[in-house]
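Lettering follows sequence order; numbering is per chain, from 1. This is a predicted model, so every value here is computed, not measured.
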Number of protein chains: 2
Amino acid sequence: MPSRMIVSRELADLLRLLAHPDRLRLIEELRLGEQDVSSIAAALDLPATRISQHLAPLRAHRIVEDRREGRNHFYRLTHPGIAAWIVEALDFVDVRNRFGEGSHIDHVRELWTADAPETSS
Amino acid sequence: MPSRMIVSRELADLLRLLAHPDRLRLIEELRLGEQDVSSIAAALDLPATRISQHLAPLRAHRIVEDRREGRNHFYRLTHPGIAAWIVEALDFVDVRNRFGEGSHIDHVRELWTADAPETSS
DNA sequence: CCCACACCTGCAAGGTTCTGCAGACTTGAA
DNA sequence: TTCAAGTCTGCAGAACCTTGCAGGTGTGGG
């Protein structure tokens, strides 16, 4: 059993885990520090149930870690570098279908690279 | 319409496109240079039809480019850096369930980082 | 030269399996 | 009890694999 097959399967699992718009935004939301589920839900404008469902598999694969404080669960990235790694993938996104709108990517790259949290977009 | 939503959707599409063991091995197989479909199929021990079907979406998203030479189609990576970027993801793979077998990852990292192609594993 | 055949690749249809979402239920804390 | 968070279930949609077939290209016999 070649090691490449095993690892490629695990890599595929990881990528599939990240391959969801909500989860990507969630990870970038946790880029600067831990937050509880409600805060994330508000920031992403999604129901808290959905955030919780997204967090469950991320936690199972050790992408995020949780910490309980009373009735709130605070989540943070296990590997903070994963946020920057994701942003690097913007280089490989096809810009063919967006005539002159590739600035969207540059815009988001700035948002996701800045140290201060953004409030509007 | 926030830019982050648009870009996170495109990023998710890209990640989902890569989230398949065959396609990951395919990309790493093209790391050192272009190859035709039959060669890839032989290297990965998969039917050529399946390789072709994997290549179709990769080509649609400009992950790979093709070149015809006679009755053979040669493929290469549009962004050679994507192979190294994928290998970086090994840092984020959960090693919790592999007691002492994390060396699999290191082994594959060497295979996928070396300049010379490997023949056995 | 011409034509039939073999090879390489891409495309389409089918059946199966997986994934995401929404709603209801359970648990735990205040 | 009230509220927050997690879990479970059913369904709709997408992805995956196999098989069969069509297009295009060289190759060799006549």
It should be established whether [X] places a side-chain nitrogen or oxygen under 4.0 Å from OP1 or OP2 of nucleotide [N].
| X | N | value |
| --- | --- | --- |
| B:Arg68 | C:dC8 | no |
| A:Tyr75 | D:dG6 | yes |
| B:Arg16 | C:dT19 | no |
| A:Ser38 | D:dA4 | no |
| B:His20 | D:dA14 | no |

Discussion item. Check whether B:Trp85 reaches the backbone of A:Trp85 with its side chain - one donor and one acceptor, N or O, closer than 3.5 Å.
Written reply: yes
Practice prompt. Kindly say whether A:Arg109 contributes a backbone atom to a donor-acceptor pair with the side chain of A:Thr113 at under 3.5 angstrom?
Written response: yes
Discussion item. Nearest whole Å is fine: how far is C:dG20 P from A:Leu18 CG?
Written reply: 12 Å
Worksheet entry | Distance, rounded to the nearest Å, where B:Leu24 contributes CG and D:dC16 contributes P | 12 Å
Worksheet item: Taking NZ, NE, NH1 and NH2 as the nitrogens, is one of them in B:Glu28 or B:Arg25 under 4.0 Å from a carboxylate oxygen of the other?
Response: no
Worksheet item: How would you label the contact of B:Phe74 with the nucleic acid (heavy atoms, under 4.0 Å): base, sugar-phosphate, or nothing?
Response: nothing
Discussion item. Could you work out, with ring pair (Phe, Tyr, Trp, His ring centres under 6.0 Å) as the rule, every residue matching B:His73, not counting sequence neighbours?
Written reply: none
Worksheet entry | Modelled atom types, side-chain donor and acceptor of B:Tyr75 and B:Arg67, under 3.5 Å | no
Practice prompt. Nearest-nucleotide wise, let me know which of A:Glu69 and A:His54 is further upstream toward the 5' end of DNA chain C.
Written response: A:His54
Practice prompt. Assign each of B:Arg71 and A:Gly70 to its nearest nucleotide of DNA chain C by heavy atoms, then name whichever residue's nucleotide is nearer the 5' end.
Written response: B:Arg71
Worksheet entry | Given D:dC17, C:dT9, C:dC11, the nucleotide with the shortest approach to the side chain of B:His73 | C:dT9
Practice prompt. Ignoring the backbone of B:Asn72, work out which of C:dG10, D:dC16, C:dC8 is nearest its side chain.
Written response: C:dC8
Worksheet entry | For A:Leu58, the option from A:Leu17, A:Leu30, A:Leu77, A:Thr78 that meets side-chain contact (heavy atoms from CB on, under 4.5 Å) | A:Leu17
Worksheet item: Going by heavy atoms closer than 4.0 Å, what residues in residues 45-53 of chain A are next to DNA chain C?
Response: A:Arg50, A:Gln53
